[in-house]
Amino acid sequence: MNVYLENRVQQCKEKEAALLADGRGDEAVFEKIRANIFGIFLTVWNTGRGEAFFREKLEQIPLAWQASLEKARAHHDEETVCLETVKLEAVREILAQLEVRA
């Protein structure tokens with residue numbers, strides 16, 4: 001999982017740089033967010049507290065993002081909807097990778 005998360009952080013940073021170089025700043029922001037989310041969970045993984053702890057944090061941490069997404073949808077705040085969706089998609093990707101490892 002460590003290698004996977006490190007690779008995803010690096011891939012997102014590289015894609016962010018390419019998008020910025022191409023003048024696609026809005027899309028670059030999404031890659032920066034993805035890199036941050038993968039980085040957060042890399043840090044959680046590296047605490048060494050085990051997979052059960054990691055899975056617990058994969059459930060707990062995104063709760064605030066889900067609440068923010070629901071609030072943004074209720075208020076028709078499309079920018080926040082996009083940002084929170086990117087975060088939650090990254091978490092789903094990590095969860096899927098855990099299932100592949102199992």
Side-chain angles (χ1 to χ4, degrees):
M1 182 54 65
N2 191 66
V3 171
Y4 168 77
L5 292 168
E6 286 177 346
N7 286 340
R8 288 300 288 133
V9 169
Q10 187 60 35
Q11 290 167 354
C12 291
K13 287 181 177 182
E14 289 171 3
K15 190 170 181 182
E16 175 192 4
L19 289 166
L20 284 171
D22 200 28
R24 296 163 57 189
D26 290 344
E27 293 172 74
V29 168
F30 295 141
E31 288 305 315
K32 183 175 185 172
I33 291 168
R34 283 185 187 92
N36 288 341
I37 301 307
F38 290 119
I40 288 167
F41 287 105
L42 175 61
T43 300
V44 172
W45 180 262
N46 285 333
T47 64
R49 295 173 119 177
E51 191 170 317
F53 175 79
F54 184 71
R55 285 180 181 272
E56 180 181 319
K57 294 304 171 190
L58 273 169
E59 291 177 15
Q60 286 178 347
I61 293 171
L63 291 175
W65 303 334
Q66 185 64 46
S68 178
L69 174 62
E70 291 168 11
K71 183 177 177 182
R73 283 182 176 150
H75 291 97
H76 307 289
D77 179 353
E78 295 304 317
E79 181 178 347
T80 302
V81 167
C82 288
L83 297 176
E84 299 303 334
T85 299
V86 167
K87 293 175 188 178
L88 293 168
E89 286 172 350
V91 169
R92 283 192 290 276
E93 183 179 328
I94 295 167
L95 284 167
Q97 185 64 29
L98 272 176
E99 296 309 315
V100 168
R101 294 179 67 246

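Note that the numbering runs from 1 along the sequence shown for the chain.
- The side-chain heavy atoms of Val91 and Trp65, taken from C-beta on, include a pair separated by under 4.5 Å.
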**OP:** Check the pair Tyr4, Val100 against side-chain contact (heavy atoms from CB on, under 4.5 Å), reporting the backbone distance first and the verdict last.
**Re:** CA-CA 12 Å; Tyr4 168 77; Val100 168; over 6 Å; no
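- The two residues Phe38 and Ala90 have their closest heavy-atom pair at CE2-O, 3.9 Å.
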**OP:** Under the side-chain contact (heavy atoms from CB on, under 4.5 Å) rule, what do Leu98 and Leu58 come out as? Steps first, then yes or no, please.
**Re:** CA-CA 11 Å; Leu98 272 176; Leu58 273 169; 3.5 Å; yes
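- Side chain of Thr43 to backbone of Gly39: a donor-acceptor contact under 3.5 angstrom is found.
- Atom CD of Glu89 sits about 9.5 Å away from atom CZ of Phe30, to the nearest 0.5 Å.
- In this structure the side chain of Asp22 never reaches within 4.5 angstrom of the side chain of Leu19, judged on heavy atoms.
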Original post:
Between Arg55 and Glu59, does a salt bridge (Lys or Arg N to Asp or Glu O under 4.0 Å) hold up when you go through it step by step?
Top reply: CA-CA 6 Å; Arg55 285 180 181 272; Glu59 291 177 15; over 6 Å; no
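- Crowding of Gln60 atom CD: a count of heavy atoms from other residues, nucleotides or ligands under 6.0 Å exceeding 12.
- If you take NZ on Lys57 and CD1 on Ile94, they are separated by 14.5 Å, rounding to the nearest 0.5 Å.
- A salt bridge links Glu84 to Lys87: one of the charged nitrogens lies within less than 4.0 Å of a carboxylate oxygen.
- When the shell of 6.0 Å around CG of Asp26 is examined, it contains 12 or fewer heavy atoms from other residues, nucleotides or ligands.
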Original post:
salt bridge (Lys or Arg N to Asp or Glu O under 4.0 Å) between Glu93 and Arg8: does it pass, once the steps are laid out?
Top reply: CA-CA 10 Å; Glu93 183 179 328; Arg8 288 300 288 133; 2.6 Å; yes
